[in-house]
Amino acid sequence: QVQLVESGGGLVQIGGSLRLSCAASGRSSSTYAMGWFRQGPAKEREFVGTISRSGTSAYYADSVKGRFTISRDNAKNTVYLQMNNLKPEDTAVYYCGARSGVGIYATPNTANDYDYWGQGTQVTVSS
């Protein structure tokens, strides 16, 4: 089992940047594919991006491709989401998830694929 804690959210202006972190404790994070999802007001949770256990494969939603980058440091049991050129539509609570039992290059991209979730961190993009 793994526990996930997100941090790094906040209020940022349009065009600004934020870096979110997801710290894993318990079982080593290298055991899990890791993903980021978000949920805006009155919206369902949506996929943002995912990174494989090895860290060599990543996959992004079209809405964030070219602006967001996922990385991981397995030695620190931490996954990051670098968000650049933020837009108002990026406003949401951001969650990280962990998926066990997949190959080292797998990049699961639906919420139902994930076994564990953090509590979320709010990101607000304003003018």
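Computed from a prediction, not measured in an experiment: that's the story for all the values here.
Within the cation-pi definition used here (under 6.0 Å to the ring centroid, within 45° of the axis), Arg45 qualifies as a partner of Tyr95.
Ion pairing between a basic and an acidic side chain is recognised when a charged N comes within 4.0 Å of a carboxylate O; Asp62 and Lys65 show such pairing.
A donor and an acceptor atom, one from each side chain of Asp73 and Thr78, are nowhere located under 3.5 Å apart.
Under the side-chain contact (heavy atoms from CB on, under 4.5 Å) criterion, Ser127 pairs with Ile14, sequence neighbours left out. With sequence neighbours excluded, the residues forming a side-chain contact (heavy atoms from CB on, under 4.5 Å) with Ser63 are Arg38, Ala61, listed by chain and number. Scored by the side-chain contact (heavy atoms from CB on, under 4.5 Å) test, Gln122 finds Thr91, Val93, Thr124 as partners (sequence neighbours excluded).
Under a 3.5 Å cut-off, the side chain of Gln39 and the backbone N or O of Ala92 do not form any donor-acceptor pair. No donor-acceptor pair under 3.5 Å is formed between the side chain of Tyr59 and the backbone N or O of Ser52. Arg53 places a side-chain N or O within donor-acceptor distance of the main-chain N or O of Val102, the cut-off being under 3.5 Å.
Under a hydrophobic clustering in which Ile, Leu, Val, Met, Phe, Trp and Tyr are joined whenever their side-chain heavy atoms come within less than 4.5 Å, directly or via other members, Tyr94 and Phe47 fall into different clusters. Hydrophobic clustering, with ILVMFWY side chains joined whenever heavy atoms are under 4.5 angstrom apart, keeps Tyr80 apart from Val2.
Contact record, Ser126 with Leu11: OG-CD1, 3.7 Å, taken as the closest heavy-atom pair. Nearest heavy-atom pair, Thr110 versus Phe37, reported as atom, atom and distance to 0.1 Å: C-CZ, 3.6 Å. Pairing each heavy atom of Asn84 with each of Ser17, the nearest pair is OD1-OG, 2.9 Å. In terms of heavy atoms, Ala33 sits closest to Pro108 at CB-CD, 3.7 Å. The minimum heavy-atom distance between Ser100 and Tyr32, with the atom names listed, is CB-CE2, 3.5 Å. Minimum interatomic distance between Tyr60 and Phe68 (heavy atoms only, all atoms of both residues): CE2-O, 3.4 Å.
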TODO: Start with the C-alpha distance between Ser71 and Gln82, add both sets of side-chain angles, then the distance that settles side-chain contact (heavy atoms from CB on, under 4.5 Å), and finish with yes or no.
DONE: CA-CA 8 Å; Ser71 60; Gln82 177 66 45; over 6 Å; no
TODO: Go through the steps for Asp90 and Arg67 under the test side-chain contact (heavy atoms from CB on, under 4.5 Å), then give the verdict.
DONE: CA-CA 11 Å; Asp90 296 319; Arg67 300 188 297 123; 2.7 Å; yes
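The OH atom of Tyr105 lies 5.5 Å from the OG atom of Ser54; values are rounded to the nearest 0.5 Å. For the atom pair CD1 of Ile70 and SG of Cys96, the computed distance is 10.5 Å after rounding to the nearest 0.5 Å. Note that SG of Cys22 and CG of Leu81 are 10.5 Å apart. Values are rounded to the nearest 0.5 Å. Separation of atoms OG1 (Thr50) and CZ (Arg99) is listed at 10.0 Å; rounding is to 0.5 Å.
Each of Val48, Val123, Thr69, Val64 was evaluated against Met83; a single residue qualifies, Val123, per the side chain to side chain contact (heavy atoms under 4.5 Å, CB included) test.
Few gaps surround CD on Glu89; more than 12 heavy atoms of other groups in view lie less than 6.0 Å from it.
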